[in-house]
Amino acid sequence: MTDSIPSHQSVVTRFAPSPSGHLHVGGARTALFCWAFAKGRGGKFVLRIEDTDQKRSSDAASIGFVKDLLWLGIDFDEGPEYEGLGGGAHGPYFQAQRLDIYQRYFEQLLASGDAYYAFESADELATLRAEAKARNQPFRYTGESSRAMAPAEVKRRLAGGDAAVIRFHTPPGSITIHDEILGDATLPEGEVDDFVIRKADGFPTYHFAVVVDDELMGVTHVLRAQEHFNNSAKHIVLQDALKFRRPVYGHLPLIFNPDGSKMSKRDKDKVLRKAVSEKGLTAPPAGTVDPAIFSAWLKDKNTQLAIDAAQTLAQAIGAVLPEINVDDFRKSGYLPEVICNFLSLNGWSPGGDVEKFDREFLKKSFDLSRVVKTAAKFDRNKLLAFNLDAIQAMGRQDFIARVAAHGRDMHPEFMVKLTDAQFRSLCDASQERSKTLDDLFRTNTFITTSDDDLTWDAKAIAKFIVAGEPAGAVHLATARTILQECDEWTVSSLEAALKPFAESLGNVGKIAQPLRVAVCGGTVSPPIFDTLAILGKASSLRRIDRCLESL
RNA sequence: GGCCCCAUCGUCUAGCCUGGUCCAGGACACCUCCCUUUCAAGGAGGACACAUGGGUUCGAAUCCCAUUGGGGUCACCA
């Protein structure tokens, strides 16, 4: 009865997150592996929403994370209907809509004596738990008194409206979990107590819903994060009692922050709190966050600011929040194919020194035997390096198209200020130095600043305009008169015009830096001739004039 | 604290199952130099790991045990 599902049966995997507007990178990795495993074997990938927690049901309808999944190129065969995807014969795919299904199985277990009602309140249990903790003992619910309760008494209390949960009566004996990744592990008898399978509100607990749905949806392989490992024991005893098949389990190693802490949505909040306290802020900057919400948040470290509010506040105080969600990486200009590639490498590798590959390769190659047992620390540096490599490998048109799409999405105000020709020139000048699709927008704000609003960095002025013998300003003035004479304003013509003068000074740097500072306000920009060409003649001269006047 | 799991460069990992070809390979980061009109990018070098202690064996990163360290889990959350 403990046999795994036979291999000739086609593979079905599932990704079963709580409803959320955003997909966490850890979740993305799990989804990716589930997807690759099923797809690579001609099987099905099912998406199921685990929304059995009514306390969090305010956003239960929110499955915004699906857009992140699709952005990554992870599609599903069955699941909630979403933009033409989803549906399927095993729905509904929201657990909250499957209550009648669970009820049948509750009744089955109640009838067979494998489950029973229990009337302890959450408070009572919390007290017992606290006592156990104080004694450094694990708390185990044995439920002798509940099970000893006469059926008539149970009926009476139920009829009287007493709050009750249903608990599963875990049979005696040790429980062995077979795991394709970790191997076998045996939990001694008594480790799994009589856990709750139906809450007082009538909803199933996670353990129960998972077991029923996996069976009904034909799930053959359960791939999930290692934090669920011990839960498998509960699922196994439930499957046995319900006479269900056992799926093959594979528990994936966790993904951590570089410092070893668990990567979580709260990391953003932590960074934000730190920035706020460093700045000594007691009230939110005007126009960012509601002051009442802000002070409530500040008071209670256990609360988190809503994601949008956190973002605006961070922006206002110049804090950079860590990327945690897939959407954060999208906004930062990472490519979805690179994220998939990199995520795959956290916990798995194809071997043979191969580490750059696409989703098709992953589908074909992914297998459980090469999944690593140890947790990985998420290395943003390496991700960034992969992203750079992918960008550099792109064709010119492809790069322009993708940067433009990113720009329309994330920086519309930037896009409207540039002509098509300017934008293409900027792309050409930026591709080889772009680590993300966002770099070009962040590092070239001088282009969209109007000529008369441009300000200069004092250090840059001191070093490249004021200093020198003769001063940079002198060369700048000379360069200006040369530029004035240029009728053709292209990269090559500008270079040709300025080269002789630059060489007479020794090297191009003598003139490039003063010019760069004058037209950009700082020391960093695309190559100087590209920069001048993109700005155009009128703008370039005007900026040089203003710079010279400002001295 | 109980239980469970894990342990190769700073990081992701290859090698481990089927001991010798490993004085341990790749990648990111790091250091040095080169190139250079800034920032990047690029090129050439370099440093860097089998947690510790016992076994087994002619021989161990690879097998066994212990120790240490890390993680997970002990909810009417998933």
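Just so we're on the same page: letters track the sequence lines, and every chain starts at 1.
- Straight-line distance from the CG atom of A:Asn346 to the P atom of B:A14: 12 Å, rounded to whole Å.
- OP1 or OP2 of B:A14 has at least one side-chain nitrogen or oxygen of A:Ser349 nearer than 4.0 Å.
- Between A:Ile511 atom CD1 and A:Leu498 atom CG the span is 6.0 Å, to the nearest 0.5 Å.
- Picking from B:U38, B:C77, B:C5 the nucleotide with the shortest atom distance to the side chain of A:Val524 gives B:U38.
- Taking atom P on both nucleotides, B:G59 is separated from B:U21 by 15 Å, rounded to a whole Å.
- Under 4.0 Å is where a charged nitrogen must lie from a carboxylate oxygen, and between A:Arg140 and A:Asp194 no such pair does.
- Distances shown here put every side-chain N or O of A:Arg370 at or beyond 4.0 Å from the OP1 or OP2 atom of B:U13.
- For A:Tyr206, taking side-chain heavy atoms from C-beta onward, the closest of the listed nucleotides B:G15, B:G42, B:A78 is B:A78.
- Comparing A:Arg135 and A:Phe529 along RNA chain B, the residue whose closest nucleotide (by nearest heavy atom) sits nearer the 5' end is A:Arg135.
- Here the P atom of nucleotide B:C39 and the CG atom of A:Leu440 are 19 Å apart, to the nearest Å.
- The phosphate of B:G70 has neither OP1 nor OP2 within less than 4.0 Å of any side-chain N or O from A:Thr374.
- For A:Lys382, no side-chain nitrogen or oxygen approaches OP1 or OP2 of B:A29 to under 4.0 Å.
- B:C4 atom P lies 15 Å from atom NZ of A:Lys234, rounded to whole Å.
- Here the nucleotide nearest the side chain of A:Asp379, chosen from B:U73, B:A78, B:C28, is B:C28.
- If you take atom C1' in B:G54 and the same atom in B:C9, they sit 26 Å apart, rounded to whole Å.
- For B:A27, the OP1/OP2 oxygens have no side-chain nitrogen or oxygen of A:Lys356 closer than 4.0 Å.
- Of the listed nucleotides (B:C12, B:A78, B:C3), B:C12 has the atom at the smallest distance from the side chain of A:Ala376.
- Here the OG-CE distance, from A:Ser434 to A:Met394, works out to 9.5 Å after rounding to the nearest 0.5 Å.
- With B:U37, B:C6, B:A78 as the choices, the nucleotide that has an atom nearest any side-chain atom of A:Arg516 turns out to be B:U37.
- Nearest nucleotide to the side chain of A:Asp389, out of B:G42, B:C76, B:G72: B:G42.
- Set against B:G71, B:A75, B:A41, the side chain of A:Leu254 has B:G71 as its closest nucleotide.
- Each of A:Asp353 and A:Ala185 was matched to the nucleotide of RNA chain B holding its nearest heavy atom; the match closer to the 5' end belongs to A:Ala185.
- The closest side-chain donor-acceptor pair between A:Arg98 and A:Gln95, if any, does not fall under 3.5 angstrom.
- Closest to the A:Lys435 side chain, of the nucleotides B:A27, B:G72, B:A40, is B:A40.
- Searching all strands for a Watson-Crick or G-U wobble partner of B:G2 with both distances below 3.5 Å returns B:U73.
- Between A:Phe256 atom CZ and B:G10 atom C1' the separation is 17 Å, expressed in whole Å.
- In this structure, A:Lys133 does not reach the B:G2 phosphate: none of its side-chain N or O atoms is under 4.0 Å from OP1 or OP2.
- For the residue pair A:Pro172 and A:Glu189, the shortest heavy atom distance occurs at CB-OE2, 3.7 Å.
- Between the NZ atom in A:Lys499 and the CG atom in A:Leu494 there is a gap of 12.0 Å [rounded to 0.5 Å].
- Remark: the A:Lys373 side chain and the B:C6 base include no donor-acceptor N/O pair separated by less than 3.5 Å.
- A close approach under 4.0 Å does occur between a side-chain nitrogen or oxygen of A:Arg129 and OP1 or OP2 of B:A75.
- Closest to the A:Glu355 side chain, of the nucleotides B:C5, B:C76, B:A27, is B:A27.
- The interatomic distance linking A:Lys262 (NZ) with B:A78 (C1') rounds to 11 Å, in whole Å.
- Side-chain proximity of A:Val165 to the nucleotides B:C76, B:G72, B:A78 is greatest for B:C76.
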